[in-house]
Number of protein chains: 2
Amino acid sequence: MTFDQRTPKPTLVSLARQVGVSRQTVSNVINNPEVVKPGTREKVLAAIRASGYRPSAIGRALRTRRSMNLGHRLFPVADGINGAIMDRFLHSLSEEAQGRGFRVNLLTVEDDLHEVETLTDLHQGLSIDGAVLTHTYAGDPRPDRLEASGVPTVAWGRPWGKEDTGTWVDVDGGAGTEEATLHLRSLGHTRIGFLGWQRPNNVGEDRCNGWLRGVAGLGCEDLLIESTDGLYEGAQGAKELLARGATALVCASDSLGLGALTAYRQQAIPTGPSIPVIGFDDTPVARAAGMSSVAQPVEACSRQLVSMITTQLQGMPLENSHVILKPTLVLRNLQSFAR
Amino acid sequence: MTFDQRTPKPTLVSLARQVGVSRQTVSNVINNPEVVKPGTREKVLAAIRASGYRPSAIGRALRTRRSMNLGHRLFPVADGINGAIMDRFLHSLSEEAQGRGFRVNLLTVEDDLHEVETLTDLHQGLSIDGAVLTHTYAGDPRPDRLEASGVPTVAWGRPWGKEDTGTWVDVDGGAGTEEATLHLRSLGHTRIGFLGWQRPNNVGEDRCNGWLRGVAGLGCEDLLIESTDGLYEGAQGAKELLARGATALVCASDSLGLGALTAYRQQAIPTGPSIPVIGFDDTPVARAAGMSSVAQPVEACSRQLVSMITTQLQGMPLENSHVILKPTLVLRNLQSFAR
DNA sequence: GATGTTGCTTTGAACGATCCAGCCATGATG
DNA sequence: CATCATGGCTGGATCGTTCAAAGCAACATC
């Protein structure tokens with residue numbers, strides 16, 4: 001507070017004067033130590049340590065024209081349960097970015113167009129070097145517009161319908177629900193239902209298609225219910241599907257799955273050692289409830305995204321601009337409180 | 001992508017040359033329009049619009065020594081349910097900061113000391129102007145160290161035991177649980193239990209004390225159970241408290257509360273039109289389940305914090321460095337699916 | 001002895017903005 | 001007429017860094 005003007009902050013110049021070398025030599029000690037003679041290097045390093053010098057990110061940014069910041073829009077939390085996955089994503093994104101010297105700069109905007117506008121402004125003003133998008137959908141205008149404005153962009157989620165454009169990483173949700181479905185088949189179930197989301201919803205349709213592939217030949221097409229997301233909707237949908245003769249359920253989200261669990265319990269359906277309901281996203285709540293769930297490799301996605309945008313920023317070509325990662329099925333036995 | 005070098009980015013100098021005035025005049029049009037003669041101003045504004053000029057945040061920051069960024073550590077998500085409140089906080093923090101021209105810069109670190117170190121580095125390197133802390137606790141070293149390093153800091157959560165130090169905003173959790181307890185009393189309950197968190201936990205003890213004040217004179221001291229947070233623990237604790245004769249419950253979190261709800265249901269306890277369990281934080285899940293809950297004024301907290309740190313950054317004195325806001329009790333009727 | 005070559009270091013020139021002191025008309029005041 | 005204040009604008013200096021080019025020994029090569 002009162003220390004502000006006690007000692008002026010050390011800079012390259014002040015350090016250089018102090019040690020008796022030029023500023024560039026000090027700069028080299030920091031950025032290219034190998035070009036400086038070891039003796040000189042040590043002297044400079046000692047002075048740096050003694051003074052507590054930190055390079056000014058801003059001075060550096062002005063010269064290099066790189067702020068080492070990535071812009072990212074923070075979406076409002078819709079649902080505490082499913083929000084957990086965006087939380088994980090944000091955390092790992094920040095972590096991976098930090099690992100490569102970048103930091104994540106948050107944005108809150110009203111809609112997609114404001115997002116594009118703000119990101120463009122920030123990019124033009126050199127506040128951010130690139131953008132990380134989420135919540136992509138068919139017809140999403142953001143990737144194109146950002147590219148047109150020259151903003152390097154990567155997206156978590158494919159640009160549905162235009163998968164060959166842009167730079168993105170996505171999870172093969174269909175493969176996840178298919179694996180879940182086949183697992184239930186392997187347990188002997190032949191009437192497997194799917195609780196999904198109302199259309200249009202690209203992610204939801206993808207997951208639904210995985211289930212369809214999984215139940216191929218079983219004639220389960222009547223066991224599909226699509227609603228909005230939520231515990232209540234999950235419970236209602238499950239009741240209906242059970243009434244139609246379903247014995248096992250695959251769900252598009254953990255919220256729907258947890259809702260379905262309560263329906264099973266209320267109706268005291270005789271099940272094996274665990275209730276045959278499989279959720280999606282493997283959220284902490286699913287873990288707590290002991291529900292099986294399809295887990296997205298969120299951390300791997302972040303790592304891939306950061307890797308992609310940094311190579312892009314270095315002007316290097318990407319070997320692969322479109323990456324699809326496989327989810328894994330996490331099986332649990334409902335050791336939960338509410339068994 | 002290929003537009004990069006087509007036209008060099010406009011700058012104050014290029015605009016000034018173009019319009020035929022000095023750079024300072026263009027700068028004034030942007031920052032102090034009132035000192036420029038209207039005629040000149042219009043010409044400059046026209047050129048700005050035509051060129052799509054954006055002031056370079058970096059050039060500006062170098063000169064003003066303000067990056068307009070606030071550092072904030074992102075904690076890992078412990079629990080999808082309670083994580084929702086941190087999510088809300090982050091969102092509103094970013095929004096409020098943006099309203100004053102600041103942006104939030106995320107950090108992920110392993111522990112408190114790394115947090116202090118990183119924030120100090122970023123501050124020294126002029127990457128951030130100040131820091132916003134959360135998850136404060138008794139003996140928390142962070143505020144003191146950051147102040148010692150000259151990093152302007154505000155915290156969401158008081159520095160327990162040293163409430164007269166630092167700059168912080170907190171919610172009066174005890175007032176919330178007390179109100180919840182009194183509400184249950186007004187419904188006729190005389191055996192009101194509390195499901196809390198294991199000690200030591202300053203926030204939890206605060207909430208527990210509110211309950212204690214609320215049940216004063218009822219002799220409910222035996223109806224206290226403190227555990228780790230979670231649905232399972234909530235259910236177990238509730239069973240135990242019901243066995244001890246409790247008829248209504250106040251909980252330190254929505255997780256515990258939701259767990260408690262399931263215990264009520266399993267035991268088919270006769271209740272009125274709604275189950276007398278009150279949670280804390282009013283998370284989306286509580287809303288979905290129809291559970292009453294104590295709601296923190298998260299947005300007001302963010303606003304206050306941003307207001308405090310910005311006035312501090314402007315070198316202006318704070319009239320009040322310690323702010324406590326009251327939570328509100330949100331009553332619901334369990335119109336939920338699982339009634 | 002002239003000419004490279006190598007290893008280490010220095011110097012000038014940006015990068016894009018704001019601060020600050022000063023300049024120049026114009027008009028008011030004594 | 002001299003003096004001073006004022007509105008509007010300008011230009012130098014500065015913030016801290018890196019890039020590009022050049023300087024300068026010492027040593028090897030022809």
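Given the structure is predicted, the values throughout are model-derived calculations rather than measurements.
- Residue A:L62 contributes atom CG, which lies 13 Å from atom C1' of C:dT18 at whole-angstrom precision.
- Separating the CG atom of B:L12 from the P atom of D:dT14 is a distance of 19 Å, rounded to the nearest angstrom.
- At whole-Å resolution of the value, NZ in B:K9 and P in C:dG16 are 8 Å apart.
- Protein atom CD of A:Q24 is 11 Å distant from nucleotide atom C1' of D:dA21, rounded to whole Å.
- Here the straight-line distance linking atom OG1 of B:T167 with atom CD of B:E147 works out to 7.5 Å at 0.5 Å rounding.
- For the segment residues 32-61 of chain B, residues with any heavy atom less than 4.0 angstrom from an atom of DNA chain D are, sorted by number, B:V36, B:K37, B:T40.
- Rounded to whole Å, the distance from CZ on A:R66 to C1' on C:dG16 is 17 Å.
- With rounding to whole Å, A:L15 atom CG is found 16 Å from C:dT9 atom P.
- The shortest side-chain heavy-atom distance between A:E34 and A:N32 falls under the 4.5 Å cut-off.
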Could you list the donor-acceptor pairs under 3.5 angstrom formed between side-chain atoms of residues 133-141 of chain B and any protein atom two or more places apart in sequence or on another chain?
unit_1 : atom_1 : unit_2 : atom_2 : d
B:T136 : OG1    : B:G157 : O      : 3.2
B:T136 : OG1    : B:R158 : O      : 2.8
B:Y137 : OH     : B:D112 : OD2    : 2.4
B:D140 : OD1    : B:R142 : N      : 3.0
B:D140 : OD1    : B:R142 : NE     : 2.9
B:D140 : OD2    : B:R142 : NE     : 3.1
B:D140 : OD2    : B:R142 : NH2    : 2.7

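- The interatomic distance linking B:I30 (CD1) with C:dA17 (P) rounds to 7 Å, in whole Å.
- Considering SG of A:C301 and CG of A:L93, their distance stands at 11.0 Å, rounded to 0.5 Å.
- Looking at B:R63, its side chain comes within 3.5 Å of the base of C:dT18 through a donor and an acceptor atom.
- In terms of position along DNA chain D, the nucleotide closest to B:T25 lies nearer the 5' end than the nucleotide closest to the other residue of the pair B:T25 and B:T64.
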Chi angles and distances behind the side chain to side chain contact (heavy atoms under 4.5 Å, CB included) call for A:N105, A:L122: CA-CA 10 Å; A:N105 225 294; A:L122 290 176; 5.8 Å; no
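- B:R65 has no side-chain polar atom (N or O) that falls below the 4.0 Å cut-off from OP1 or OP2 of C:dA17.
- Among the heavy atoms of the strands, none lies under 4.0 Å from B:V13.
- Atom CG of B:N31 is separated from atom P of C:dG16 by 17 Å (rounded to the nearest Å).
- Every residue was checked against the salt bridge (Lys or Arg N to Asp or Glu O under 4.0 Å) condition with B:E95, not counting sequence neighbours, and none meets it.
- At distances below 3.5 Å, not a single donor-acceptor pair connects side-chain atoms of A:S27 with backbone N or O atoms of A:R23.
- For the OP1/OP2 pair of C:dG16 and a distance below 4.0 Å, the side-chain nitrogens and oxygens of B:T11 include no atom meeting the criterion.
- A donor-acceptor contact under 3.5 Å is formed by the side chain of A:R23 with the base of D:dT18.
- Here A:N28 does not reach the OP1 or OP2 of C:dC8: none of its side-chain N or O atoms lies under 4.0 Å away.
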